[in-house]
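A, B, ... follow the sequence lines: proteins, then strands. Residue 1 opens every chain. Just so it is clear, the model here is predicted, and its values are computed rather than measured. These numbers come from the heavy atoms of this one structure, side chains and all, not from hydrogens, waters or symmetry mates.
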Amino acid sequence: MVAPAASHSRPDAADLLVWYDRHRRALPWRALPGVAPDPYRVWLSEIMLQQTTVAAVKPYFARFLERFPTVEVLAAAPEEAVMGAWAGLGYYSRARNLHACAKAVAAAGAFPDTVEGLRKLPGIGAYTAGAIAAIAFDRPAAAVDGNVERVVSRLYAIETPIPASRPEIRRLAESLVPASRPGDFAQAVMDLGATLCTPKRPACALCPWMQPCRARAEGLQETFPRKVKKVAGALRRGAAFVVLRAGDDAVLLRTRPPEGLLGSMAEPPTSEWRADYDPAQALLDAPLDARWKRLPGLVRHVFTHFPLELTVFLARVGAGTPAPEGMRFTPRAALDAEPLPGAMKKVLAHALEQKLAAPPPAPKPPPEPDLATPPEPEAPPRRAPLPKVLSRRPASAAPVVKARGRPKGS
DNA sequence: GATGCGTGGGA
DNA sequence: TTCCCAAGCAT
């Protein structure tokens, strides 16, 4: 529902466009004024920017353009090359859909230039279809993302919480789209939300839409959009098994199933992840027979919907040891080519850090008393630099290894 | 409509 | 530390 109308004029697209012409952000995927945008770049950037910050996307976007300069090149690339180039960016179904979409577009010969046509492609939903139609083809379409929801909910002081208010927000957003320069308008609203109409401490004094904004008039701008907060997921635990093979200095890896969590990404074998998992029983889940050492500390990682704690086990096997069914040995020098998500990079960094660390003198209590295999007596270094094989990519160059002994109990 | 799906950064 | 969030999509 909309707050009672006061003396507010209707938000004028022209006012926003004046502001945009002066304050628009320069972004790598954004065409210069007067230059026709490249649909491939617009599409690629929009997919990467789904739930992802501009700063995180920039290096990935540049690397993708280098490796896959056109949609035809991307379509012809092997799946694992695409997954590898995406590794670290998150939401990996985007990468699979990206590849599938590229194949469809390459087969069709061009991107569709309407919302309806775009909407049919994998990985393109209501927002992205509107954004591409507007930005790449200057169609009068609304691109309603989180920024626009915030801007519109403030303009009209919408009291209904998200997500129930989404249909209303969309209608209002569509009513604002001008016939002239709809592509610039779509980008202007997002720039406004990203730079002035921010979630916290919006800079209303600089806003071209301050006058018609109802939330601002009431001094309640920061309280919109209304939303219901979600509950955090329950902690899950598990064990991860790092096997180092002598001779070629290789690590045992497998590929996860194509659907679901971390789909199609690589990982060292792990147990199931459950709330009641007992690391003391972990060796029952080990991928092969070996002299397993339970490493001190543990690897923590927080996914969207649950936190995870992995206890890491390390084993060394002889040269020539074959990989178990469905797994492979990858030499450490070749780990860069594996699509390892952040959580699994932490696991490998934790294990290899143990291996490389010189034994410090200070002993330290084991993280948990009842161990199948007692951990090594040495204390792990608090924050050793990442092993070289794991440091790549400017953006995610140093996945922080949060692993420390737990002073359990009390 | 509710869930599942990553990651990194800022307050 | 903890919470929230950032150009959403598929089911």
Side-chain angles (χ1 to χ4, degrees), chain A residues 25 27-30 42-61 83 86-98 100-101 118-132 134-136 142-151 161-167 170 173 186-195 198-201 222 225 227-233 236 256-265 267 300-308 339-346 393-400 402 404:
Chain A
R25 291 177 292 173
L27 297 171
W29 43 87
R30 189 173 272 182
V42 173
W43 164 71
L44 179 60
S45 66
E46 289 301 338
I47 301 298
M48 288 185 166
L49 286 162
Q50 289 167 4
Q51 297 290 285
T52 308
T53 59
V54 166
V57 165
K58 278 180 177 174
Y60 283 86
F61 180 79
M83 301 306 296
W86 198 276
L89 199 53
Y91 285 135
Y92 298 103
S93 66
R94 289 186 297 174
R96 288 193 306 278
N97 285 332
L98 184 87
C101 185
L118 289 161
R119 188 65 184 76
K120 294 191 177 78
L121 292 168
I124 297 183
Y127 161 75
T128 306
I132 298 175
I135 298 170
V144 185
D145 69 337
N147 286 309
V148 179
E149 287 178 352
R150 189 168 57 251
V151 170
I162 286 174
S165 56
R166 291 222 160 98
R170 165 161 283 279
Q187 298 176 87
V189 186
M190 286 189 277
D191 274 18
L192 186 71
T195 63
T198 49
K200 292 166 194 164
R201 300 197 43 143
E222 231 171 314
K227 54 178 66 174
V228 291
K229 73 164 98 177
K230 47 184 166 255
V231 293
R236 299 184 203 178
R256 295 176 62 91
E259 306 293 322
L261 180 68
L262 302 177
S264 296
M265 301 299 284
E267 66 176 5
R300 299 173 200 276
H301 189 80
V302 181
F303 292 100
T304 311
H305 47 303
F306 68 92
L308 173 67
L340 289 163
M344 299 308 163
K345 283 185 186 172
K346 288 184 196 174
R393 325 226 129 130
S396 59
V400 176
K402 284 185 191 160
R404 42 188 180 78

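When rounded to the nearest whole Å, the span between NZ of Lys58(A) and C1' of dG8(B) equals 15 Å. Across the protein-nucleic acid pair, Met48(A) atom CE and dG6(B) atom P stand 16 Å apart, rounded to whole Å. Here dG6(B) presents its P atom at 13 Å from CD of Gln50(A), a figure rounded to the nearest Å. Distance Glu259(A) CD to dA10(C) C1': 10 Å, rounded to the nearest Å. Rounded to an integer number of Å, the gap from Ile47(A) CD1 to dG6(B) P is 16 Å. Between Gln51(A) atom CD and dC5(B) atom C1' the separation is 10 Å, expressed in whole Å. Between the CZ atom of Arg170(A) and the P atom of dC9(C) there is a distance of 10 Å, given to the nearest Å. In this structure, the CZ atom of Phe303(A) is 12 Å from the C1' atom of dG4(B), given to the nearest Å.
Residue Tyr91(A) places none of its side-chain N or O atoms closer than 4.0 Å to OP1 or OP2 of dG4(B). In this structure, Arg150(A) reaches the dA6(C) phosphate: one of its side-chain N or O atoms is under 4.0 Å from OP1 or OP2. The phosphate of dG4(B) has neither OP1 nor OP2 within less than 4.0 Å of any side-chain N or O from His305(A). Residue Thr53(A) places none of its side-chain N or O atoms closer than 4.0 Å to OP1 or OP2 of dC5(C). Within the structure, a side-chain polar atom (N or O) of His301(A) is placed less than 4.0 Å from OP1 or OP2 of dT7(B).
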Go through Gln50(A) and Tyr127(A) one step at a time and tell me if the side-chain hydrogen bond (donor to acceptor under 3.5 Å, both in side chains) criterion holds. CA-CA 9 Å; Gln50(A) 289 167 4; Tyr127(A) 161 75; over 6 Å; no
So Gln187(A) and Arg30(A), side-chain hydrogen bond (donor to acceptor under 3.5 Å, both in side chains) or not? Walk me through it. CA-CA 9 Å; Gln187(A) 298 176 87; Arg30(A) 189 173 272 182; 3.0 Å; yes
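Between the OG1 atom of Thr52(A) and the NZ atom of Lys58(A) there is a distance of 14.5 Å, given to the nearest 0.5 Å. Summarising the geometry, atom CE belonging to Met265(A) is positioned 9.5 Å from atom CZ belonging to Arg96(A); distances are rounded to the nearest 0.5 Å. Between the CD atom in Glu222(A) and the NZ atom in Lys200(A) there is a gap of 9.0 Å [rounded to 0.5 Å]. Note that CG of Asp191(A) is 4.0 Å distant from CZ of Arg25(A), once rounded to the nearest 0.5 Å.
In the interface, the side chain of Thr128(A) is not paired with the base of dG8(C) through any donor and acceptor atom under 3.5 Å apart. Judged by atom type and distance alone, Thr52(A) reaches the base of dG6(B) through a side-chain donor-acceptor pair under 3.5 Å.
Rounded to a whole angstrom, the distance from the P atom of dC5(B) to that of dA6(C) is 23 Å. Separation of the P atoms belonging to dC9(C) and dG8(B) is 22 Å when rounded to the nearest angstrom.
The residue Ala343(A) sits close only to the backbone: its heavy atoms come under 4.0 Å of sugar-phosphate atoms, none of a base. When heavy atoms are screened at a 4.0 angstrom cut-off, Leu98(A) is found touching no nucleic acid atom at all. Nucleic acid contact for Gly260(A): sugar-phosphate only, since backbone atoms but no base atoms lie under 4.0 Å from a heavy atom of the residue. Heavy atoms of Val302(A) sit under 4.0 angstrom from at least one base atom. Among the protein residues, Ala126(A) comes within range of the sugar-phosphate backbone only, with heavy atoms under 4.0 Å from sugar or phosphate atoms but none that close to a base.
Taking only side-chain atoms of Tyr92(A), from C-beta outward, the nucleotide of dA6(C), dC9(C), dG6(B) with the closest atom is dG6(B). The side chain of Pro163(A) has dA2(B) as its nearest neighbour among dA6(C), dA2(B), dC9(C).
Partner Trp29(A) forms a ring-ring contact (aromatic ring centres under 6.0 Å, His included) with one of Tyr60(A), Trp43(A), Phe61(A) and no other, that one being Phe61(A).
Judged by closest nucleotide on DNA chain B, Ala164(A) is the one of Arg94(A) and Ala164(A) placed further toward the 5' end. Mapping Lys200(A) and Gly263(A) onto DNA chain B by nearest heavy atom places Gly263(A) at the nucleotide closer to the 5' end. Of the residues near DNA chain C, Arg25(A) and Pro122(A), the one whose nearest nucleotide (by heavy atom distance) lies more toward the 5' end is Arg25(A). Each of Ser45(A) and Ile124(A) was matched to the nucleotide of DNA chain C holding its nearest heavy atom; the match closer to the 5' end belongs to Ser45(A).
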